[in-house]
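Residue numbers start at 1 and run along the sequence shown. No hydrogens, no waters, no symmetry mates; every other heavy atom, side chains included, goes into these values. Quick caveat: nothing in here was measured; it's all calculated off a predicted structure.
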Amino acid sequence: MRSLLFVPGDSERKLEKGFAAGADVVIVDLEDSVAPANKPLARQLAPDAIRTAGGSCRVFVRVNDLGTGHTDEDLAAVVPARPDGIILPKAQGGADVQHLASKLRVAEIEAGLPDGGIGVIPIVTETGLATLSTASYANSSPRLKGLTWGAEDLSAAVGARSTRDDQGRYTDVFRFARTVTLLAASACDVAAIDTVYVDFRDLDGLRAECLEAERDGFTGKLAIHPAQVAVINEVFTPSAEAVGHARDVISAFAAAGNPGVVAIDGKMYDIPHLKRAERLLARANVTA
C-alpha cells in the first residue's frame with residue numbers, strides 16, 4: 001500500500017475520479033469530508049463504489065468514529081459490499097480496534113461473509129490520549145493491517161495554532177506523533193502509513209515529505225487529491241537499484257549458510273541488514 005487516496009463518499013463524480021487516479025487504495029470517506037446532512041447519501045453511494053472497483057484497487061472505508069454513534073450505520077451499509085478494510089478515525093488505543101473488530105464480526109456474519117476478511121487501519125494520533133497510547137495496538141487484532149496518523153485533529157485537540165514552523169517542518173508535538181506511529185507500526189509488524197500533505201498543489205513539497213517518510217521507514221502515504229497519487233507511488237516504489245542490492249544481501253547470507261555477518265564489497269552486513277532487505281523485496285513484490 002503505497003498511496004491511499006481519500007475520496008468523499010457523497011459525490012459520484014469525485015468517486016469516479018478517485019478510482020481512476022491509480023491509487024493502491026481508495027478510501028471512500030463517510031467521515032470528515034461528508035457533511036452531516038449528506039451522510040445518508042454517502043452510505044447509499046459507497047456500496048456501489050466498492051463493487052464498481054472490481055478489484056482494480058483495494059477499497060477501504062473511513063467510517064465515523066466510535067464515539068459518534070454512527071459507526072454501526074456505516075458498517076451496515078458498506079460491509080455487504082465487502083470492502084478490503086475500514087479506516088477507524090480518532091482511535092484511542094488497541095481497545096478501540098478490538099471494539100471495531102467485534103462489530104465487524106457481527107456485520108460479516110449478517111452479510112454471509114467470512115469472519116476476519118475485512119481489515120482495519122486506525123488513525124492513531126488525533127487526540128492527546130491517543131498519541132500516548134500507540135503501544136497498545138500490539139496484539140490488538142489479527143485484522144490490523146497498518147497504522148497511520150493525523151496532525152490536523154491533534155492540533156485542534158492540543159490547541160496548537162499550526163502544525164508546522166516557519167520553514168514548513170512539523171513542530172515537536174507533531175514530530176512526536178509521527179515518530180510513535182512509526183514505532184508502533186514496527187511493534188505490530190504492520191504497514192506504517194504517513195499522514196496527508198494538505199497543500200495538494202505543492203507537488204515538490206509533497207515529494208520532499210515522501211522522501212523523508214520513506215527514508216525513515218514509512219511504506220506509504222495518505223493522499224487527499226488525485227494529483228498526489230503519482231508522486232506518492234513513485235517515491236514509495238523501491239528502485240531497481242535498491243531491489244538489486246537487497247537481492248545481493250539476501251543471496252550473500254544464503255551462500256554463506258546464513259551466518260550472523262557477511263562481507264559484500266568490503267562492507268559488513270549483519271542480521272538487521274538482512275531483515276531490511278527482506279522487507280524491501282516484500283514491498284517491491286506488492287508494488288510491481
Side-chain angles (χ1 to χ4, degrees), residues 1 3-10 25-39 42 60-71 73-75 85-97 99-100 120-137 140 144-165 168-185 188 190-200 202 205-206 209 213 218 220-225 228 232:
M1 294 184 289
S3 53
L4 299 89
L5 174 63
F6 282 109
V7 183
D10 60 343
V25 178
V26 170
I27 302 171
V28 179
D29 191 17
L30 305 183
E31 197 218 12
D32 280 352
S33 68
V34 178
N38 281 354
K39 291 188 186 294
F60 278 60
V61 178
R62 179 164 68 170
V63 296
N64 290 279
D65 73 81
L66 293 169
T68 63
H70 297 306
T71 313
E73 296 173 84
D74 295 341
L75 295 178
I86 300 297
I87 303 292
L88 179 63
K90 300 174 180 63
Q92 297 296 302
D96 278 359
V97 170
H99 189 181
L100 176 61
V120 174
I121 297 177
I123 305 175
V124 301
T125 67
E126 293 189 296
T127 69
L129 175 61
T131 305
L132 296 173
S133 302
T134 53
S136 65
Y137 290 98
S140 59
L144 195 67
K145 303 302 180 187
L147 299 180
T148 189
W149 70 289
E152 303 307 318
D153 282 275
L154 180 59
S155 69
V158 302
R161 287 189 291 105
S162 176
T163 62
R164 298 176 186 262
D165 62 20
R169 308 282 297 181
Y170 281 117
T171 59
D172 286 348
V173 169
F174 304 99
R175 289 173 62 83
F176 176 80
R178 177 183 183 273
T179 299
V180 295
T181 301
L182 182 59
L183 294 174
C188 297
V190 296
I193 301 161
D194 197 22
T195 193
V196 298
Y197 188 78
V198 296
D199 187 353
F200 62 84
D202 180 12
L206 170 65
E209 189 159 285
F218 286 95
K221 189 170 181 64
L222 300 175
I224 57 170
H225 192 279
Q228 297 179 317
I232 294 172

> To check you understand the geometry: which heavy-atom pair defines the closest contact between L154 and A177, and what is its length?
CD2-CB, 3.8 Å
> Taking only residues two or more places apart in sequence or in another chain, which ones pass side-chain contact (heavy atoms from CB on, under 4.5 Å) with T127?
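Residues passing side-chain contact (heavy atoms from CB on, under 4.5 Å) with T127: Q92, L129, A130.
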> Within 45° of the ring axis of Y170 and under 6.0 Å from its six-membered ring centre, is that where the NZ or CZ of R164 lies?
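Verdict for Y170: a cation-pi partner in R164.
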> Looking at CH2 of W149 and CD of E126, how far apart are the two atoms once the value is rounded to the nearest 0.5 Å?
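Rounded to the nearest 0.5 Å, the CH2-CD separation comes out at 11.0 Å.
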> Nearest heavy-atom pair of T195 and A151: which atoms, and what distance?
OG1-N, 4.2 Å
> Between F176 and T131, is there a side-chain heavy-atom distance shorter than 4.5 Å?
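Heavy-atom side-chain distance check passes, below 4.5 Å.
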> Do K39 and E73 sit within salt-bridge range, that is, some charged N less than 4.0 Å from a carboxylate O?
no
> Under 4.5 Å between any side-chain heavy atoms of D194 and R178, yes or no?
yes
> So, do I86 and L100 sit near enough that their side-chain heavy atoms are less than 4.5 Å apart?
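The answer is yes, as the side chains (C-beta and beyond) meet within the 4.5 Å cut-off.
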> Does any part of the side chain of P89, heavy atoms only, come nearer than 4.5 Å to the side chain of N64, both counted from C-beta?
no
> Between CD1 of I27 and CD1 of I224, what distance do you get to the nearest 0.5 Å?
12.0 Å
> List the steps, then state whether side chain to side chain contact (heavy atoms under 4.5 Å, CB included) holds for T148 with I121.
CA-CA 7 Å; T148 189; I121 297 177; 4.1 Å; yes
> If you round to the nearest 0.5 Å, how far is CG of L66 from OG1 of T71?
4.5 Å
> Would you please test V26 and F6 for side chain to side chain contact (heavy atoms under 4.5 Å, CB included) and show each step?
CA-CA 6 Å; V26 170; F6 282 109; over 6 Å; no
> Evaluate side chain to side chain contact (heavy atoms under 4.5 Å, CB included) for K221 paired with V196, printing each intermediate quantity in order.
CA-CA 7 Å; K221 189 170 181 64; V196 298; over 6 Å; no
> So, do V61 and L30 sit near enough that their side-chain heavy atoms are less than 4.5 Å apart?
yes
> If we only count heavy atoms from C-beta on, is the I193 to F218 side-chain gap below 4.5 Å?
no
> Please report the shortest heavy-atom distance between E31 and D65, naming the atom on each side.
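The answer is OE2-OD2, 4.4 Å.
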> Where is the tightest heavy-atom contact between G94 and S136, given as atom of each residue plus distance?
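Nearest pair, atom of G94 first, then S136: N-OG, 2.9 Å.
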> About how many Å separate CD of E209 and CD of Q228, when rounded to the nearest 0.5 Å?
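Those atoms lie 10.0 Å apart.
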> Quick one: salt bridge (charged side-chain N to carboxylate O under 4.0 Å, His left out) pairs with a partner in residues 144-159, sequence neighbours left out?
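Output for this query lists K90-D153.
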> Give the minimum heavy-atom separation between Y137 and P122, together with the two atoms involved.
CE2-CG, 3.8 Å
> Got D96 and L88 here, is their nearest side-chain heavy-atom distance under 4.5 Å?
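Side-chain contact under 4.5 Å: yes.
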> CG of L147 to OG of S140: how many Å apart, nearest 0.5 Å?
8.0 Å
> Between the side chain of D29 and the main-chain N/O of S33, is any donor-acceptor distance below 3.5 Å?
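Yes, the answer is positive, given that a donor and an acceptor are paired below the 3.5 Å cut-off.
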> How long is the straight-line distance from CG of D165 back to CZ of R175, given to the nearest 0.5 Å?
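Those atoms lie 9.0 Å apart.
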> Can you give me the closest heavy-atom contact between A223 and I232, atom names plus distance?
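In this case the closest contact between A223 and I232 is CB-CD1, 3.8 Å.
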> My understanding is that only one of V28, D32, V34 makes a side chain to side chain contact (heavy atoms under 4.5 Å, CB included) with R62; could you say which?
D32
> Is there side-chain contact between I123 and I87, with heavy atoms separated by less than 4.5 Å?
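Touching, per the 4.5 Å side-chain cut-off.
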